[in-house]
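For reference, the structure discussed in these notes is given below.
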Amino acid sequence: MDLASNCKYQMFFGRNLNSITCKGLALIVIALFLRVVLLPSFSGYGGIDKNNLDLVHSRSLSLDSDNGIRKDKFLEVPQIVWGLNNQKIAFARAFLSARMLNRTLLMPSLSASLFYKEIDRLQPISFDKVFQFERFNSLCNGFVQLGSYSDLRNQTGVYELQKGSGRKWTVERDLDQLKQLSNDPFDGYEVIRIVGKNPFLWHDHWPVKDYARVFECLVLVDEIAREADRVVSKIREVGKEMSSRIGSAQSDFGPDSSLLEPVPYVAVHMRIEIDWMIHCKKLERKLNVSEICSSKREIMERVGNIVGLKGPTVVYLAVADSLLEDSSILTGWKEGLLPVEKNKLGVDGIYKKYPYLIQSAIDYEVCSKADVFVGNSFSTFSSLVALERTQKMIRMGVTSSCGAGVRWPSYAYNILGESNGPHKWMTNMSDSSLKAISYGSNIITC
């Protein structure tokens, strides 16, 4: 009788295992049994090796440390394109897709230029050249996770997924596809790479508050933030000089000290470019509405009629570069309102140093920090500024923009409001889809 048979015979008949060899063999059998029973899911990946055991350990750690956001499974998306705020939406949509799949999003490339119809002419720019990588993960810890390509361990192949398109590709079908990716065999891949469509064009499955949470984690890198602060400081300086001159003229004893305090400024996202007017006219016909396009004259009149807005006040005009030489946008404003733009402020050199994406990011910060913001409710840029300012108000305990003296107020000049002024604008954070903010319907009415 051989060794294995002898040990088996002794165990069957309840005899004590006195043989050291038999005891060792028994332990090996038990270990093999536990391996088969407890780790069956790895059988399709060529057995259990050291890397796979490390994977089990790292997965359990990532689940515990980041409330379920795994750091060992990733989602990769195509280069993000179009304007700054469309890119921010695409970025958030990619993140929320990764969150649904319980994956870390690999840091995507943004687009410095605006040639969204000519992919070969796009100037890619790394996310961490615009926004702070570590700061993002710190602020969004436990909600979403941003990873780098150096985090990859290349343990499995990459699964490439072509996003559906066309009219037959419905919201429901898109959601079903995401749910399938959460299951085996797809979930076994270290990286799921989505190819084809820019995330901005993906279907939306998440509420406004989830997008807002991602947006809050986007903090500009120090260099760009400093440039935006320089522009804001220049606007404040103009207001201070304006206030000082008025105070000196009104007093025989020199300027009133109260008038030397920082003068508030209004930021107006003035959408009157030719391409915008063509787009908004088509949109008005499509939606059968008349509250999208606004002429230069209408914008000026409504801003001048904001209830409680008193001079002297600086009005910063956030306009496209093609309009910076149009001096007519600086004339015709209500007395007490001093309109300025990049050239008049002498900050056009700051903008010209950077590509389109960075220029837009600077203007976004200037509008976001304004004491009063006025924009077009059908503009993505304006809508995201209003959303961010709504978040600031909510953090301060303000739930309505209808009262007097509310800080961080926003207005939509394309919708008629109180006293022939612009309509008060506070984003409805309870909307079930970000799509609402793209069509002017995401405004809480008084």
Side-chain angles (χ1 to χ4, degrees), residues 34-80 90-109 127 136-137 140-165 169-207 210-211 213-214 217:
L34 290 175
R35 171 179 169 176
V36 172
V37 171
L38 298 181
L39 299 174
S41 60
F42 289 87
S43 60
Y45 292 89
I48 304 296
D49 58 16
K50 182 180 182 299
N51 287 336
N52 282 334
L53 288 173
D54 287 344
L55 179 61
V56 175
H57 180 64
S58 65
R59 176 166 180 170
S60 64
L61 287 178
S62 64
L63 287 171
D64 291 338
S65 62
D66 280 283
N67 299 327
I69 305 300
R70 293 177 296 180
K71 295 181 179 179
D72 62 320
K73 296 294 177 72
F74 303 89
L75 181 71
E76 182 180 3
V77 299
Q79 180 177 344
I80 295 175
F91 182 71
R93 192 158 292 168
F95 252 124
L96 295 173
S97 298
R99 172 178 166 80
M100 184 175 180
L101 300 175
N102 191 15
R103 287 175 175 265
T104 293
L105 180 69
L106 283 173
M107 185 171 64
S109 292
F127 169 89
F136 180 92
N137 277 339
C140 267
N141 181 42
F143 185 65
V144 292
Q145 179 76 26
L146 183 63
S148 63
Y149 283 84
S150 62
D151 297 328
L152 296 179
R153 302 175 67 182
N154 299 316
Q155 292 180 305
T156 69
V158 174
Y159 180 76
E160 288 200 348
L161 174 72
Q162 182 74 42
K163 264 282 183 179
S165 62
W169 189 257
T170 62
V171 175
E172 292 73 22
R173 292 187 67 183
D174 189 80
L175 186 59
D176 286 342
Q177 184 187 62
L178 282 174
K179 291 178 179 178
Q180 290 175 11
L181 292 175
S182 300
N183 302 319
D184 289 330
F186 311 107
D187 194 52
Y189 288 91
E190 182 183 22
V191 177
I192 293 178
R193 177 186 296 149
I194 298 181
V195 297
K197 297 174 66 176
N198 168 47
F200 178 68
L201 300 176
W202 295 358
H203 285 295
D204 184 14
H205 308 293
W206 301 278
D210 284 358
Y211 281 93
R213 186 167 179 185
V214 175
C217 302

* **Donor-acceptor pair, side chain of K71 and main chain of T104, under 3.5 angstrom** => no

* To do: Using modelled atom types only, decide if a donor and an acceptor are shared between the side chain of H203 and the backbone of W169 within a distance under 3.5 Å.
  => yes

* Nearest 0.5 Å, what's the CG-NE2 distance between L96 and H205? -> 10.5 Å

* To do: For residues C140 and V214, report the shortest heavy-atom separation together with the two atoms involved.
  => SG-CA, 4.2 Å

* Enter the distance from F186:CZ to L161:CG here, rounded to the nearest 0.5 Å. => 8.0 Å

* **Euclidean distance, F127 CZ relative to I80 CD1, rounded to 0.5 Å** => 9.0 Å

* Are the side chain of D187 and the backbone N or O of D184 linked by a donor-acceptor pair below 3.5 Å? -> no

* Taking all atoms of both residues into account, what is the closest heavy-atom pair of P199 and A90, and its distance? -> CB-O, 3.3 Å

* Asked: How far apart are the C-alpha atoms of F95 and L75, what are their side-chain angles, what is the distance that settles it, and do they pass the side chain to side chain contact (heavy atoms under 4.5 Å, CB included) test?
  -> CA-CA 9 Å; F95 252 124; L75 181 71; over 6 Å; no

* Structure fact -> dist K73:NZ -> Y189:OH (nearest 0.5 Å) comes out at 11.5 Å

* **Step-by-step side chain to side chain contact (heavy atoms under 4.5 Å, CB included) determination, L105 to V144** => CA-CA 8 Å; L105 180 69; V144 292; over 6 Å; no

* To do: May I ask you to decide if F143's main-chain N or O and R99's side chain share a donor-acceptor pair within less than 3.5 Å?
  => yes

* To do: Rounded to the nearest 0.5 Å, what's the gap from OG on S150 to CE on M107? Could you check?
  => 8.5 Å

* Structure fact -> Nearest heavy-atom approach of S109 to Q79 is O-CG, 3.4 Å

* Where do Q177 and Q162 come nearest, in terms of heavy atoms and distance? -> NE2-O, 3.8 Å

* Reported CD1-to-OG distance for the pair I194 and S97, which is rounded to 0.5 angstrom -> 6.0 Å

* Test M100 against K179 for side chain to side chain contact (heavy atoms under 4.5 Å, CB included), laying out the working first. => CA-CA 8 Å; M100 184 175 180; K179 291 178 179 178; 3.8 Å; yes

* In this structure, which one of Y211, F200, F136 forms a ring-ring contact (aromatic ring centres under 6.0 Å, His included) with F91? -> F136

* Would you check if the side chain of W206 reaches a backbone N or O of R93 as a donor-acceptor pair within less than 3.5 Å? => no

* Would L178 and D174 satisfy side chain to side chain contact (heavy atoms under 4.5 Å, CB included), going step by step from the backbone distance to the final call? -> CA-CA 6 Å; L178 282 174; D174 189 80; 4.3 Å; yes

* So, E190 side chain and L152 main chain: donor-acceptor pair closer than 3.5 Å or not? -> no

* Asked: If every non-hydrogen atom of P108 is compared with every non-hydrogen atom of V77, which pair is closest and at what distance?
  -> CB-CG2, 4.0 Å

